[in-house]
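Read through the structure below, which is laid out as structure tokens, and then see the notes.
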Amino acid sequence: MATKTSRRKLGPATREMERINWLEFREWVPAKIDTVLLPLGTMEAHGVTANGTDIIIPLTMAREIASRVNAMIAPVVPYGFTGSLDAFPGNFTIPENVYREYVRAVLTGLARNKFKNIVMLNGHGAGQTAVLMALGQEIGRETNTRVLTVNWWSYCSDVCREVFGEDGGHAGNTETAYMLAIDPELVQRKHYTGPKMATAIPVPNTWNAYPFPSSILVYKEGEGYPNFDLAKARSYFKQVNDKVALLIEDTIQKWDMAGL
Ligand SMILES: [Zn+2]
């Protein structure tokens, strides 16, 4: 109970924008909170963990770090640009032009709601990263906001090497570990039949396939397969969240120092 009381003193009743009413929002934003975290995902097959991995990870990350970076959390954008894995059961792709315009409207709305710093916590790679990074620059320029886009898995590739002693992979060691740390029931180890379930990401312009034949894509042959070690998963989870929070703190501090 003590933690709850002290937390309340430090922030609003909730940092999640869909759970707060407009009166309290108005009290806090932008006077006391001028940063917002926007989680973005997609519905995509991820080996033996959930199709919503790219939604669940950035949303969890936002909840883990929001108090630390004094930010609100915008409602997640769950549907995204899945690309070459969208033929797997339960998957979706939003056409790129529709996705771009939808996210543009969301970002513009966050700027209109007086946030000065918009942090996109992106959960999905493929074509989505390029769309979001371009939008970050456009919206920042148009609305006079400061926009940071974080592709957490690439930004934290050093954490992967430190914890697992090897490179990562899509739905491999890293994402499976993060999901395991959130809730072991999100990872169905009994469905894992070994490295045959994975394919190494092709060297550009060598080959490509639609649908891509595996939902586990390792960056390097022989490395990055799912790891079911819970202790390593928890360590990875904590270090990734810390590293992303530090990046946000550091970037905001430097924006302020530069008077941007
Ligand atoms: Zn993913």
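Please read all numbers here as calculations on a predicted model, not as lab measurements. Order of listing sets the numbers, starting from 1, for every ligand and every atom in it. We're numbering straight along the sequence, starting at 1. In what follows, every heavy atom counts, from backbone to side chain, and hydrogens, waters and symmetry copies are set aside.
Nearest N, O or S atom of Glu175 to the Zn ion (ligand 1): atom OE2. Between the Zn ion (ligand 1) and the N, O or S atoms of Asp54, the shortest distance is to OD1.
For Phe81 and Tyr99, the ring centers sit 6.0 Å or farther from each other.
Remark: the backbone N or O of Asp167 is paired with a side-chain donor or acceptor of Asn173 at under 3.5 angstrom. Under the 3.5 Å distance criterion, the side-chain polar atoms of Arg15 are matched with a main-chain donor or acceptor of Ala71.
Among the backbone and side-chain atoms of His46, an N/O/S atom is found under 2.8 Å from the Zn ion (ligand 1).
Each of His191, His170, His124 was checked for a ring-ring contact (aromatic ring centres under 6.0 Å, His included) with His46, and the lone residue meeting it is His170.
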